[in-house]
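Reading through the structure tokens given below for one structure.
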Amino acid sequence: MTTASPSVLLGRPRRFELSPVARRRWQIFCAHRRGYYSLWIFTALFIASLGAELIANDRPILLYHQGSLHVPVFVTYTEQSLGGELPIAANFHDPHITELLEAGGGWAIWPPIRFSYRTIDYGIDQPVPAPPSARHWLGTDDAARDVLARLIYGFRLSVSFGIALTILASIIGISVGALQGYFGGMTDLLGQRVVEIWSGLPILFVLIILGSLVEPNFGWLLATLVLFSWMTLVGVVRAEFLRARNLDFVRAARALGVSDLTIMRRHVLPNAMVASLTFLPFILNGAITTLTALDFLGFGLPPGSPSLGEMLAQAKANLHAPWIGLSGFFTLALMLILLIFIGEAVRDALDPRRTVVGGGRG
């Protein structure tokens, strides 16, 4: 007779523990020093960019005025609410607003960068694009907007767009590949012809044509790119399902009356996900590059969006302002290099031939 563990008898939840295979893969990933540190750096940068409004903003984070606290970074206040006359949004860079705050005995806590990605600095005392200075750490673009603020917001937008595109495209690609590989026959034959025709379309030209017909936005551009990005994982997943559909454990599950959907989801898909996860960092890399290329050509996000591609286009048009091009280039290069290193570490961790000792790389 077996006895239950004390944690079960006391009703306490069991501690989460990784399986031996998962623990081995994590150890190999950690031994890959470039990928391990790149993951932490990339995660820290992305988490910091999620709070971009607290880092770069033209509104104070906290404002004390006439005996009460305000949070302009989250709430829009009018000049009337601060003691002025006009019912318009308060411009905290306006000297008149500063006088109103000082008259009310107020004080403000500002972000480190007192400009948002769309803020035009009307108080700048030199021609734009202005070089780096104490007021603008990486200078301004040709519209007197702070380059560093646009980089922070652009990094967040690019990574968010890339993650959303990677997730949606992977779901579609894995589903199509699973259906083709598991059922085979005519389903696989017709599916392959559709994939071959669809992958043969000139994606960039189609996107340029669609972008000239419809005013693009974040959702429209994401949906359009998903339609042309789901083929990446189809071949990998299809091959894994073709290999596993006739294995003994799949036949045994069918003989026991298990439904095809359950077999695919519970027994075959985990094996296919090992190969799929290896491609995800590189798919994210390609998604960011595609968005940057479209913005550079003027067929991406709406004008004024914090886009790395639009910044590179400005650098091309303002060769006498090298700080714009260098800032955009190094930001994009750092982002893509980190993702490549992460992808290499994931690939080694999921390789069954790798060992913990042999998994490390400088």
Side-chain angles (χ1 to χ4, degrees), residues 45 48-158 218 295 301-308 310-315 317-318 320-328 331:
L45 291 175
S49 69
L50 293 178
E53 287 79 6
L54 302 178
I55 301 174
N57 209 321
D58 54 3
R59 302 177 180 182
I61 299 176
L62 190 64
L63 175 67
Y64 180 81
H65 180 63
Q66 294 182 349
S68 59
L69 290 174
H70 307 276
V71 282
V73 69
F74 298 119
V75 181
T76 301
Y77 295 96
T78 63
E79 290 189 10
Q80 286 182 341
S81 62
L82 298 177
E85 299 178 355
L86 299 178
I88 60 175
N91 179 9
F92 290 93
H93 288 279
D94 189 348
H96 177 61
I97 300 298
T98 304
E99 293 176 359
L100 292 177
L101 296 178
E102 292 177 352
W107 49 263
I109 299 178
W110 283 86
I113 304 171
R114 297 192 178 190
F115 302 94
S116 181
Y117 69 91
R118 60 180 180 272
T119 305
I120 299 176
D121 186 7
Y122 293 102
I124 195 168
D125 56 356
Q126 51 188 322
V128 294
S133 62
R135 184 178 179 89
H136 299 281
W137 299 345
L138 292 181
T140 68
D141 58 10
D142 55 10
R145 295 172 300 189
D146 189 82
V147 171
L148 181 55
R150 292 185 65 80
L151 284 179
I152 296 173
Y153 284 88
F155 181 89
R156 180 177 68 178
L157 180 63
S158 298
F218 187 93
D295 289 333
L301 296 170
S305 301
S307 165
L308 298 179
E310 188 265 346
M311 182 174 294
L312 294 178
Q314 281 204 29
N318 299 278
H320 61 284
W323 53 87
I324 302 177
L326 292 176
S327 300
T331 299

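Below, each value reflects all heavy atoms present in this structure, side chains not excepted, and no hydrogens, waters or symmetry copies.
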Any donor-acceptor pair under 3.5 Å linking the side chain of [X] with the backbone of [Y]?
X      : Y      : value
Glu79  : Ala90  : no
Ser81  : Thr78  : yes
Trp323 : Ala130 : yes
Arg145 : Arg118 : no
Ser116 : Asp58  : no
Trp107 : Leu101 : no
Glu53  : Val73  : no
Asp295 : Leu308 : no
Arg114 : Arg59  : no

[X] side, atom [atom1]; [Y] side, atom [atom2] - distance, nearest 0.5 Å:
X      : Y      : atom1 : atom2 : answer
Ile113 : Arg150 : CD1   : CZ    : 13.5 Å
Thr119 : Tyr117 : OG1   : OH    : 9.0 Å
Thr140 : Ile120 : OG1   : CD1   : 11.0 Å
Ile124 : Ser133 : CD1   : OG    : 6.5 Å
Ser327 : Leu138 : OG    : CG    : 4.5 Å
Ile97  : Leu63  : CD1   : CG    : 10.5 Å

Can you see which heavy atom on [X] is nearest to which on [Y], and at what distance?
X      : Y      : value
His320 : Pro129 : NE2-CD, 3.9 Å
Gln314 : Asp142 : OE1-OD1, 2.9 Å
Leu148 : Asp146 : N-OD2, 3.2 Å
Ile55  : Pro111 : O-CB, 3.4 Å
Pro306 : Tyr153 : CB-CB, 3.6 Å
Ala56  : Ala149 : CB-CB, 3.8 Å

Do Leu62 and Val71 have side chains that approach each other closer than 4.5 Å (heavy atoms only, starting at C-beta)?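 Yes, close enough: below the 4.5 Å cut-off.
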With heavy-atom distances below 4.5 Å as the criterion, would you say the side chains of Val75 and His70 are in contact?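 Val75 does not reach His70 side chain to side chain.
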Test of ring centre spacing under 6.0 Å for Tyr122 and His93: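 Tyr122 vs His93: aromatic centres not under 6.0 Å.
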Would Arg135 and Asp121 satisfy salt bridge (charged side-chain N to carboxylate O under 4.0 Å, His left out), going step by step from the backbone distance to the final call? CA-CA 10 Å; Arg135 184 178 179 89; Asp121 186 7; 2.7 Å; yes
Go through the steps for Phe115 and Val147 under the test side chain to side chain contact (heavy atoms under 4.5 Å, CB included), then give the verdict. CA-CA 10 Å; Phe115 302 94; Val147 171; over 6 Å; no
For side chain to side chain contact (heavy atoms under 4.5 Å, CB included), just list the numbers for Leu82 and Phe92, CA-CA rounded to whole Å, side-chain angles, deciding distance to a tenth of an Å, and then say yes or no. CA-CA 11 Å; Leu82 298 177; Phe92 290 93; 3.9 Å; yes
